[in-house]
Structures are given as structure tokens and as C-alpha cells.
Amino acid sequence: MNAMDVLKYTIMVISVAAMLLGVLIIAGVLVPRNLPDQYRVIMGIVVFLYGLYRFVIAYTRSPRR
């Protein structure tokens with residue numbers, strides 16, 4: 001396993017963590033109670049989609065040789 005593989009798997013783990021964070025934000029676990037529900041849901045969706053995007057890019061990107 002070389003350094004590029006380690007970096008790829010690290011990015012994938014962080015991406016999954018971002019997706020989980022987005023789900024927790026949507027569920028209302030990790031946001032202040034005074035934040036309006038519409039903002040909480042939108043913020044959670046954006047964080048989840050960003051994590052999904054980073055995961056797909058890291059998974060599908062071919063290594064440079």
C-alpha cells in the first residue's frame with residue numbers, strides 16, 4: 001500500500017464522516033435548538049451531498065501514473 005492509497009482511503013473515510021454529519025444535522029442532533037427547521041434541513045442536505053460528492057470522486061478517480 002503506497003501513500004496515494006492511504007490518501008484515497010483517508011478521503012473516503014472523511015467523506016463518509018461528512019455524510020453521517022449531514023444525517024445528524026437533518027435529525028437535529030448537532031444543531032442549536034434556535035436554528036429554524038428549514039435551515040437545519042438545508043444545511044444537513046448540503047453537508048451530506050458534499051460528502052457523497054467527495055466519496056464518489058475519490059472512489060472513481062483513476063490514479064495518475
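The figures here come from the full heavy-atom set of this structure, side chains too, leaving out hydrogens, waters and symmetry mates. Counting from 1, the numbers follow the sequence of the chain as shown. Every value quoted in this text rests on a predicted model; they were computed, and no experiment measured them.
Scanning both residues, Ala18 and Gly51, for their nearest heavy atoms gives CB-CA, 3.9 Å. Considering every non-hydrogen atom in both Ala58 and Ile11, the closest pair reads CB-CG2, 3.8 Å.
Annotation: the span from Ser15 atom OG to Tyr53 atom OH amounts to 10.5 Å, rounded to 0.5 Å. The CD atom of Gln38 lies 13.0 Å from the CE atom of Met43; values are rounded to the nearest 0.5 Å. Note that OG1 of Thr60 and CZ of Phe55 are 10.0 Å apart. Values are rounded to the nearest 0.5 Å. Between Met12 atom CE and Arg54 atom CZ the span is 11.5 Å, to the nearest 0.5 Å.
Under the 4.5 Å side-chain criterion, counting only non-hydrogen atoms from C-beta, Leu49 is not in contact with Met19. Arg40 is listed as a side-chain neighbour of Ile25, based on a closest heavy-atom distance under 4.5 Å.
Under the 4.5 Å side-chain heavy-atom criterion for Ile, Leu, Val, Met, Phe, Trp and Tyr, Leu24 and Tyr39 are members of the same hydrophobic cluster. The hydrophobic clustering, which links ILVMFWY residues whose side-chain heavy atoms are closer than 4.5 Å, places Val56 and Phe48 together. Clustering ILVMFWY residues whenever any of their side-chain heavy atoms sit less than 4.5 angstrom apart, transitively, puts Val23 in a cluster other than the one holding Leu30. Linking ILVMFWY side-chain heavy atoms closer than 4.5 Å, directly or via other members, places Leu21 and Ile26 in two distinct hydrophobic clusters. Following chains of ILVMFWY side-chain contacts shorter than 4.5 Å, one can reach Val6 starting from Val16, so the two form part of one hydrophobic cluster.
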